[in-house]
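The structure presented is a predicted model; accordingly, all values stated were derived computationally and were not measured. Quick note: numbers below take in every heavy atom, side chains included, and nothing from hydrogens, waters or symmetry partners.
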Amino acid sequence: MDALDPDDPRPPYQQVANALRAAILTRTLMPGEKLPSGPQLAERYGVARMTIQQAVRLLRDEGLVVSRQGSGVFVRERTERPVGLRPHLERAFEEPNVAIDFAGFSGETLNGAIAEPLDKIRHGRLRPETLSVRILVPDAAIPWALPAEVGTLNDSPTFRARANRIMERHALAVIDTVAELGRLGLVSSATASVRVWPAPPQFKLYLFNQSTAFFGYYPVVEHEVPLNGTTTAIWDLMGKDATLFEFSATNDPDSTGSQFVTQSQMWFDSIWTSVAKDHEV
């Protein structure tokens, strides 16, 4: 029997879901493979069948498994799928060493998603030993090809200044919170920084603990923005409309997930250490 940890503060169904999720993401349970039956899982983990049903429901909501009437529950065969960022980010914070890398336009979505796990550290509900956050955003001091004014496709310095204020509001909020956790001694080592690089991104990329990547293209959308007291039509990069796809490293270094995570991390590190520079407020 794979007994659950009695000292783990999480509900039993979450512990079971975490164990099954790990088996799926490491391909111990392969895509298309049938999960053991409810009674078998209940016996394996020493829990009630209702607990197993709750755990499976959680995995189904995350898109990791599918139920087939009369056949059972199966690992979803499609591993690259649209995902919601928040639950995956919160799970990343359950590891002892947390490393979050973000490349994108402003860090607004990251700020919204990371706020809750950072609060859980503050209240003692999560206790990572180390925490590193790196945020890579475009340099607003140089012209951009996109976003651009509709019609002329001209760069807009006023729009860049506006975008920079949005970035500072969200990215620097993350930086300040992580620094506070370090000062309070809630994390042994807590570092966070934001760097700018000379290219507005056409995609957003999240890397969690060097084992999971979330990638999505920015749709380019026309909308009107108030600039200098007038309304200006802008071709903008709409981060909130970007569909994210998840890629997870597995025990097989040649798998699609493993290769994507490795190459994405190499790309991020190369930009971070070469052309990127620290953001000056």
Euclidean distance, [Y] [atom2] relative to [X] [atom1], rounded to 0.5 Å:
{"X": "T152", "Y": "W235", "atom1": "OG1", "atom2": "CH2", "value": "12.0 Å"}
{"X": "I100", "Y": "L131", "atom1": "CD1", "atom2": "CG", "value": "7.5 Å"}
{"X": "T158", "Y": "N228", "atom1": "OG1", "atom2": "CG", "value": "4.0 Å"}
{"X": "E108", "Y": "K204", "atom1": "CD", "atom2": "NZ", "value": "8.5 Å"}
{"X": "I135", "Y": "F102", "atom1": "CD1", "atom2": "CZ", "value": "7.5 Å"}
{"X": "L118", "Y": "E90", "atom1": "CG", "atom2": "CD", "value": "10.5 Å"}

task: Measure the shortest side-chain to side-chain distance between S156 and T232 over non-hydrogen atoms and say whether it is less than 4.5 angstrom.
output: no

Side chains of T191 and V178, heavy atoms from C-beta outward: is any pair under 4.5 Å?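 The answer is no; the side chains never approach within 4.5 Å.
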
Give a yes or no answer on whether the side chain of [X] reaches the backbone of [Y] with a donor-acceptor pair at less than 3.5 Å.
{"X": "N209", "Y": "A92", "result": "yes"}
{"X": "Q202", "Y": "P200", "result": "yes"}
{"X": "S270", "Y": "W267", "result": "yes"}
{"X": "Y218", "Y": "F105", "result": "yes"}
{"X": "T177", "Y": "A173", "result": "yes"}
{"X": "E129", "Y": "N97", "result": "no"}
{"X": "N111", "Y": "A171", "result": "no"}

Heavy-atom pair with the smallest gap, counting every atom of [X] and [Y]:
{"X": "V47", "Y": "P12", "result": "CG1-CB, 4.4 Å"}
{"X": "S67", "Y": "V73", "result": "OG-CG2, 3.8 Å"}
{"X": "K34", "Y": "G72", "result": "CE-CA, 4.1 Å"}
{"X": "P198", "Y": "V275", "result": "CD-O, 3.9 Å"}
{"X": "S106", "Y": "H170", "result": "O-CB, 4.3 Å"}
{"X": "E149", "Y": "D155", "result": "OE2-O, 4.5 Å"}

Hits for ring pair (Phe, Tyr, Trp, His ring centres under 6.0 Å) against F260, two or more places apart or cross-chain, chain-then-number order -> F215, F247

Sorted by chain and number, sequence neighbours left out, ring pair (Phe, Tyr, Trp, His ring centres under 6.0 Å) with W272 holds for F268

Would you say Y45 ends up clustered with L58 if hydrophobic residues are merged whenever their side chains have heavy atoms under 4.5 Å apart, either directly or through other cluster members?
no

R169 CZ: over 12 foreign heavy atoms closer than 6.0 Å:
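Atom CZ in R169 is packed in, count exceeds 12.
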
Knowing that exactly one of R160, R195, K277 qualifies, which makes a salt bridge (charged side-chain N to carboxylate O under 4.0 Å, His left out) with D139?
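It is K277, the one option of R160, R195, K277 that forms the salt bridge (charged side-chain N to carboxylate O under 4.0 Å, His left out) with D139.
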
- Query: Would you call the rings of F208 and F214 parallel, tilted or perpendicular if under 30° counts as parallel and over 60° as perpendicular?
  - Reply: tilted

